[in-house]
Amino acid sequence: MLDLLRQTVDRAAGHCAYAEARHVHSREEHLAVHDELVDSVDATESEGIGVRVLVGGAWGFAATRDITAAGAEQALRRALAVAAAQPAAGARPLAPVAPATGHWESRCAIDPFALPLEERLAHLFAAVAAMRGDARIVRADASAELMRTTKALATSDGTAVTQVLTECGAGIAATAVGDGELQIRTYPCSHGGTVAAAGWEQVIALDLLGHAPRVAAEAIELLTAPEVPEGQRTIVLHGEQLALQLHESIGHALELDRMLLGEASYAGTSWVQPTDLAAGLRYGSERLDVTADATVPGALGTFGWDDEGVPGARTPLIEGGLLTATLSDRQSAAAIGLGASGGCARAEGFARQPIVRMTNVSVEPGDAGSLADLLADTEDGALYLESNRSWSIDDRRWQFQFATELAREIRGGELGRLYRNPLYAGITPEFWGSLDAVCGPDEWRLWGLTNCGKGEPGQLMHVSHGTSPARFRDVRVGVAS
Amino acid sequence: MTGDDLAAHALTFLSGEGQATVEHERSLLLRYARSAPTQATELDDTSVHLLALRDGHVGGATTNLTDDDSLRATARRAMDAAEAAARAAGGDGDHPGLPGPPDGGYRQHDGYDAATAALDPEPGGAALAQAFAVAAEHDLEAFGVWTAGAVETAIASSRGILAVDRVTDAYMKVMCRDARARTGQLSQAAVRAADLDGEAIARAAAAKVVPGEPVRLDPGEYPVVLDAEAVGGLLEMLGGLAFNGLAHAEGRGALDGLLGTRVAAPSVNLADTPRYARTWTRAFDFEGVPKAPLPLIQDGVAHAVVHDTRSAAVAGGGARSTGHAVAPGGSAGGPYATNLVLAGGGASGVDELAAPIERGIYVTRLWYLNVVHPKQTLLTGTTRDGTFLIEDGRIARPLRDVRFTDSVLRLLDATEALSASPRLTTEAEYYGRRFAFGTVCPALRASGFRVTG
């Protein structure tokens with residue numbers, strides 16, 4: 001395959017300033033069961049080549065499923081034609097990158113595609129059965145997804161690399177209805193569970209069956225729980241909710257293409273400016289350390305090379321609360337004079353062109369010990385919030401509002417009464433500025449999301465965030481009704 | 001091989017009850033920012049989905065490899081999946097069986113334009129140049145997207161369906177921005193790419209960039225004029241919360257127990273109208289059930305929810321598919337209304353809607369909508385690209401964007417007037433396979449809009 005891709009970029013020589021050809025083969029399987037029924041067993045396989053060229057400052061990209069020399073050449077011709085049809089643009093330099101060659105694979109102990117389908121379904125059915133039994137549980141769901149992506153990339157800069165990534169994940173949800181109320185409780189996190197760059201061992205480790213009775217009981221308990229009183233409170237965020245908070249209000253805000261207005265009409269801009277890099281912008285409190293790390297084992301944003309051939313690397317983004325770097329690709333890095341790309345160019349499948357995407361953006365662990373230690377150190381009346389229910393943030397990533405599945409009062413240094421329909425809101429730098437404690441390395445774990453949307457045409461990207469529970473002071477909380 | 005030929009051929013690899021669905025997408029998308037092109041994508045891809053049914057259980061597999069060996073392997077995966085599902089569940093599934101061909105066949109529609117399907121990048125490039133020129137006239141920069149696509153959907157089933165539907169869609173969005181980050185935006189959607197008027201869209205977007213320092217608004221409840229794009233965003237969310245027949249049958253839907261009762265103002269008439277003149281029409285859904293108009297809210301009274309074959313069976317009581325399957329065999333998430341049309345009223349436009357408001361808000365567009373409470377149709381989101389204060393009946397000054405947290409059904413209940421000319425609105429978010437859908441709606445005035453930040 002690399003030979004075909006190399007030939008394609010060689011043919012582009014003399015017609016464009018830069019060319020890349022990428023072959024992607026992907027296989028996915030999504031399993032979903034509810035109650036005593038299989039909702040869906042859907043397997044998807046796709047393969048194709050995408051060719052991207054840069055002509056006179058305009059990009060052109062064409063994708064085809066015709067995996068032949070003729071198909072690739074036709075895609076190259078179309079990419080050149082599309083680039084030529086656009087209004088003239090100024091020169092568009094790319095940050096330099098050393099030519100790369102080699103092969104990379106993610107870890108996978110138990111090949112999920114080799115397991116009998118019934119074995120995988122039985123795993124989900126067992127968890128569902130453990131959530132049922134009370135008439136107020138109107139629906140018990142379990143789902144799993146398994147993915148394997150094989151990629152090859154050749155560029156006119158001399159890069160020729162191949163990669164294989166296997167991903168697996170699962171989750172459960174109990175839906176309770178009663179007295180005109182509806183409440184959903186999930187594990188290990190909402191919106192379908194968590195996914196890791198791993199094999200079926202990841203699903204086994206989640207122990208869905210062991211958590212199922214608690215999930216159902218909490219869904220029922222939420223039906224009659226009181227709503228969170230409005231006010232300013234100290235809150236402790238569970239790691240999953242902190243991961244989404246981080247994703248929305250730091251990860252997206254630090255995408256350099258957004259800062260440069262390249263996403264302004266759709267995904268939006270950023271409250272952070274490129275000039276803030278040199279100015280040492282204070283993003284949060286001194287307790288805040290954030291990294292982008294494409295080398296974390298088991299994470300969805302880990303790779304050998306990004307889709308522009310830039311090797312995976314670890315980059316501090318925020319140190320002691322001060323901004324130190326952004327997420328960039330070769331084009332955005334060059335636009336502000338950086339000497340190298342941040343290695344964040346990724347594309348969904350063969351039919352989309354690479355754009356700036358998060359790798360694994362994580363809050364580094366702090367010195368607050370375990371969650372029990374943190375709760376013991378927190379005053380009465382504070383709230384512990386767990387499991388995201390909804391999220392929304394403005395197009396500058398400045399003002400946000402999140403809802404979680406539940407809140408618990410912190411009293412006597414422990415978790416107390418349950419509240420339903422909690423939400424909290426804030427302003428990004430004020431919120432991160434109120435961070436005063438982050439739990440330690442033993443509480444730190446990765447949360448894998450597969451639904452990060454960006455771009456036109458839309459692209460869904462997979463990314464992990466590492467977090468420990470953390471405490472924030474003086475946050476506006478309220479109710480969702 | 002044409003789409004229907006490929007569907008019929010793929011079906012031969014399935015044994016027992018099943019369906020082959022072929023989707024062929026050709027599309028072109030030009031993107032721009034700061035009055036310069038930034039990305040351009042052309043795609044040509046075909047996918048074949050094979051669905052197998054065994055004892056009411058479904059298994060599905062999709063491939064874009066259309067050689068016989070790949071189709072055979074894909075069929076095997078689908079059949080293995082259905083059989084494994086049946087064994088693992090230990091009883092009958094909830095799918096009642098595939099529908100047969102419609103008695104009267106499928107009605108033709110005018111949702112296809114051959115010139116658009118040719119995917120010439122030149123008109124798109126010219127439209128971008130027009131937008132750049134208009135923006136420059138006003139000392140603004142232009143941002144947005146121009147796209148056109150042709151999608152052929154073909155279905156062959158063991159129940160005797162063999163049908164093909166060809167549609168085209170085109171969309172252009174222009175956002176204009178000044179040096180102080182004030183923005184205005186407009187989009188246009190059509191079946192024909194030739195109907196996109198880049199210059200007119202850009203002029204309308206530029207007109208929304210109003211000088212002056214935006215005013216900050218305190219949280220509270222305000223009279224509101226929502227322009228069509230804002231109304232479309234809310235109705236699109238309502239579609240999933242209120243009219244999903246599966247959620248309704250399971251007691252999770254927002255209209256649970258409310259069908260036949262008044263849920264909106266008497267002036268609200270909302271239907272799924274797949275052949276409306278300005279919508280993106282289709283002949284049938286993903287199970288081959290013909291598309292037909294379906295009233296959802298009539299004179300403010302909740303009238304119906306939508307069904308695919310599977311959700312109708314779950315609902316029981318004689319419910320039948322209304323032609324709203326969004327995936328072969330019905331998706332796990334249930335059916336969805338993709339051609340919502342909110343009937344217009346008597347107001348000439350947003351200025352007339354604003355006239356009775358002493359102090360309120362004019363919202364052109366909503367952003368990042370998400371569900372806070374599904375049964376209450378409670379959403380949150382922010383305004384974007386043109387938010388204004390209404391004072392003494394006039395759209396007076398720019399406002400800072402605000403967050404709202406409010407119920408869509410409550411806003412429809414608080415609706416006082418609607419404008420006369422509905423238009424097709426869409427976010428044109430083509431994640432995965434291109435499936436153009438939008439909502440036809442007018443602007444409206446509501447007596448209260450809950451600003452929460």
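Just so we're on the same page: letters track the sequence lines, and every chain starts at 1.
- Both the backbone and the side chain of B:T66 come within contact range of chain A, judged by heavy atoms closer than 4.5 Å.
- Contact of B:T46 with chain A is made through backbone and side chain together, with heavy-atom distances under 4.5 Å.
- B:R310 touches chain A through its side chain: at least one heavy atom from C-beta onward sits under 4.5 Å away, while N, CA, C and O do not.
- Looking at B:R34, its side chain never comes within 3.5 Å of a backbone N or O of A:L261 through a donor-acceptor pair.
- Contact count against chain B (heavy-atom pairs under 4.5 Å) is highest for A:A264 among A:A264, A:A122, A:S40.
- For a residue to count as touching a neighbouring chain, one of its non-hydrogen atoms must lie under 4.5 Å from one of that chain's; by this rule A:T44 touches chain B with backbone and side chain alike.
- For a residue to count as touching a neighbouring chain, one of its non-hydrogen atoms must lie under 4.5 Å from one of that chain's; by this rule B:P374 touches chain A with the side chain only.
- Of the listed residues (B:Y32, B:Y368, B:F132), the greatest number of heavy-atom pairs within a distance under 4.5 Å of chain A belongs to B:Y368.
- Looking at B:R365, the atoms closer than 4.5 Å to chain A (heavy atoms on both sides) all sit in the side chain, from C-beta outward.
- By number of non-hydrogen pairs under 4.5 angstrom with chain A, the leading residue of B:A327, B:A33, B:A84 is B:A84.
- A side-chain donor-acceptor contact under 3.5 Å links A:H191 and A:N388.
- Ring geometry for A:Y424 against A:F431 counts as parallel: the plane angle stays under 30°, on a 0 to 90° scale with 60° as the upper cut.
- Contact count against chain B (heavy-atom pairs under 4.5 Å) is highest for A:Q401 among A:E47, A:R352, A:Q401.
- Within a 6.0 Å sphere centred on CG of B:D67, other residues, nucleotides and ligands contribute more than 12 heavy atoms.
- For B:D80, the part sitting under 4.5 Å from any heavy atom of chain A is the backbone (N, CA, C, O) and nothing else.
- Side-chain contact, B:Q185 with A:S265: no donor N or O sits under 3.5 Å from an acceptor N or O.
- Between the side chains of A:S332 and A:D257, no donor N or O sits under 3.5 Å from an acceptor N or O.
- Interface residue B:D44: backbone and side-chain heavy atoms are both found under 4.5 Å from chain A.
- Counting heavy-atom pairs closer than 4.5 Å to chain A, the top-ranked of the candidates B:G59, B:S331, B:G144, B:A181 is B:G144.
- The choice from A:S46, A:A83, A:A425 that makes the most heavy-atom pairs within less than 4.5 Å of chain B is A:S46.
- Residues A:W391 and A:E248 bring a donor and an acceptor atom of their side chains to less than 3.5 Å of each other.
- Under a 4.0 Å N-O distance rule, the pair B:E42/B:R26 does not qualify as a salt bridge.
- Comparing A:E36, A:E119, A:E263, A:Q399 by how many heavy-atom pairs each has under 4.5 Å with chain B, the most go to A:Q399.
- With a 4.5 angstrom heavy-atom cutoff, B:R77 touches chain A only via side-chain atoms.
- At a cut-off of 3.5 Å, with distance as the only test, a side-chain donor of B:T380 or B:R403 sits close to an acceptor on the other residue.
- Using a 4.5 Å cut-off between heavy atoms, B:R384 contacts chain A through its side chain alone, with no backbone atom that close.
- With B:H57 contributing its side chain and B:G93 its backbone, the two residues share a donor-acceptor pair below 3.5 Å.
- Side-chain atoms of A:E118 do not come within 3.5 Å of backbone N or O of B:E83 as any donor-acceptor pair.
- For B:T452, the parts lying under 4.5 angstrom from a heavy atom of chain A are both the backbone and the side chain.
- Using a 4.5 Å cut-off between heavy atoms, B:H49 touches chain A through its side chain atoms alone.
- The backbone N or O of B:S407 sits nowhere less than 3.5 Å from a side-chain atom of B:R450 that would complete a donor-acceptor pair.
- Between chain A and the options B:A81, B:A126, B:G381, B:G60, heavy-atom pairs under 4.5 Å are most frequent for B:G60.
- Ion pairing between a basic and an acidic side chain is recognised when a charged N comes within 4.0 Å of a carboxylate O; A:R139 and A:D39 show such pairing.
- Contact count against chain B (heavy-atom pairs under 4.5 Å) is highest for A:V41 among A:L31, A:V41, A:D35, A:D141.
- Per-residue heavy-atom pair counts under 4.5 Å with chain A were compared for B:R252, B:K375, B:E427, and the maximum is reached by B:R252.
- Only the backbone of B:L119 has a heavy atom closer than 4.5 Å to any heavy atom of chain A.
- Panel note: side chain B:D92, backbone B:G56; no donor-acceptor pair is recorded below 3.5 Å.
- Counting heavy atoms from C-beta outward, A:I393 and A:S249 have side chains that approach closer than 4.5 Å.
- Both the backbone and the side chain of B:L43 have a heavy atom closer than 4.5 Å to some heavy atom of chain A.
- Looking only at heavy-atom pairs under 4.5 Å with chain A, the residue among B:T147, B:T74, B:L51, B:V145 that has the most is B:V145.
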